[in-house]
Amino acid sequence: QVQLAESGGGLVQAGGSLRLSCAASGRTFSIGTMGWFRQAPGEERVFVSAISWSRGTTLYTDSVQGRFMISRDRNKNTMYLQMNSLKPEDTAVYYCAAKRGLRTDSVNYDSWGQGTQVTVSS
C-alpha cells in the first residue's frame, strides 16, 4: 500500500500563488499515476490534475488549465501542484491520490491523502 501526505495549503488572496506537496511512502514502486482532486464543503470531489509517474505525462481539468502546473520528483517520492492566479472558486480541500494504472486520467485511484485546505479570499 501507498501512504500519501499533503502539505502546503493555506489562506491566500485572489491572484496569489500556492504550491502543494504530496509525499508518498510505503510501496511507492507500485505507483503508476498520481493526481490531485479537490472538494468544497457540501460538494462532490472533483478531478484537478494528474501525472504519470514514469514519463511525466500530464492532464488538467479545464478550469485550472494554464494556471496550475503538476510535477513530480521521483527521487523524493513527491508530487507538487503549483497553483498560480488563484481564484475564490479554487477554495477547497485538495487531496493527493495514486493508482497503479499508467493512464493519466481521472478515474480508478485507490490511495488517498487526508487533504490540505486551500482558501482563496476575494
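In this chain, numbering begins with 1 at the start of the sequence shown. Keep in mind it's a predicted model, so treat the numbers as computed, not measured.
- Distance alone, capped at 3.5 Å, places no donor-acceptor pair between the R19 side chain and the Q82 backbone.
- In this structure T58 satisfies the side chain to side chain contact (heavy atoms under 4.5 Å, CB included) test together with I51, Y60, I70, sequence neighbours excluded.
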Kindly determine whether E6 and W36 satisfy side chain to side chain contact (heavy atoms under 4.5 Å, CB included), including the steps that lead there.
CA-CA 10 Å; E6 305 94 337; W36 291 97; 3.9 Å; yes
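- The disulfide bond (SG atoms under 2.5 Å apart) pairs that include a residue from residues 42-119 are C22-C96, where partners are two or more places apart or lie in different chains.
- The side chain to side chain donor-acceptor pair (under 3.5 Å) check on Q39 picks up nothing, with sequence neighbours excluded.
- No donor-acceptor distance shorter than 3.5 angstrom exists from the side chain of R27 to the backbone of V2, with no hydrogens or angles considered.
- Atom CZ of R45 is surrounded by more than 12 heavy atoms from other residues, nucleotides or ligands within 6.0 Å.
- A donor-acceptor distance shorter than 3.5 angstrom exists from the side chain of K99 to the backbone of V107, with no hydrogens or angles considered.
- Scanning for side chain to side chain donor-acceptor pair (under 3.5 Å) contacts around Q1 gives Q3, with sequence neighbours left out.
- Here CG of L102 is found 6.0 Å from OG of S54. Values are rounded to the nearest 0.5 Å.
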Quick one: do Y95 and F37 satisfy ring-ring contact (aromatic ring centres under 6.0 Å, His included)? Show the steps, please.
CA-CA 5 Å; Y95 295 91; F37 294 73; 8.7 Å; no
Would you list the atom pairs, donor with acceptor, under 3.5 Å between side chains in residues 109-119 and any protein atom, with sequence neighbours excluded?
from, atom 1, to, atom 2, distance (Å)
Y109, OH, D105, O, 2.7
T116, OG1, G9, N, 3.1
Q117, NE2, A92, O, 3.4
Q117, NE2, T119, OG1, 3.3

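- Remark: K76 NZ to S21 OG distance equals 9.5 Å, nearest 0.5 Å.
- In this structure, the side chains of D90 and M83 stay at 4.5 Å or more apart for every pair of heavy atoms.
- The shortest side-chain heavy-atom distance between F68 and V48 falls under the 4.5 Å cut-off.
- Separating the CG atom in N77 from the CE atom in M79 is a distance of 12.0 Å, to the nearest 0.5 Å.
- When the side chains of ILVMFWY residues are joined at heavy-atom separations under 4.5 Å, either directly or via intervening members, V93 and L86 end up in two distinct hydrophobic clusters.
- Taking OG of S7 as the start and OH of Y94 as the end, the distance is 15.0 Å to the nearest 0.5 Å.
- With rounding to the nearest 0.5 Å, the separation of CZ in R38 from OG in S49 is 11.0 Å.
- Here the CD atom belonging to Q13 is positioned 10.0 Å from the OG atom belonging to S122, to the nearest 0.5 angstrom.
- Nearest heavy-atom pair, V120 versus T91, reported as atom, atom and distance to 0.1 Å: N-OG1, 2.9 Å.
- Residues satisfying the side chain to side chain contact (heavy atoms under 4.5 Å, CB included) test with T104, not counting sequence neighbours, are A50, S52, T57, L59.
- Residues L20 and Y80 do not share a hydrophobic cluster, clusters being chains of Ile/Leu/Val/Met/Phe/Trp/Tyr side chains in contact below 4.5 Å.
- Taking the side chain as every heavy atom from C-beta outward, E89 and S63 never approach each other to under 4.5 Å.
- A donor-acceptor distance shorter than 3.5 angstrom exists from the side chain of T33 to the backbone of G101, with no hydrogens or angles considered.
- Remark: the T78 side chain and the D73 side chain contain no N/O donor-acceptor pair separated by less than 3.5 Å.
- In this structure, A14 and P88 approach most closely via the heavy-atom pair CB-CD, 4.1 Å.
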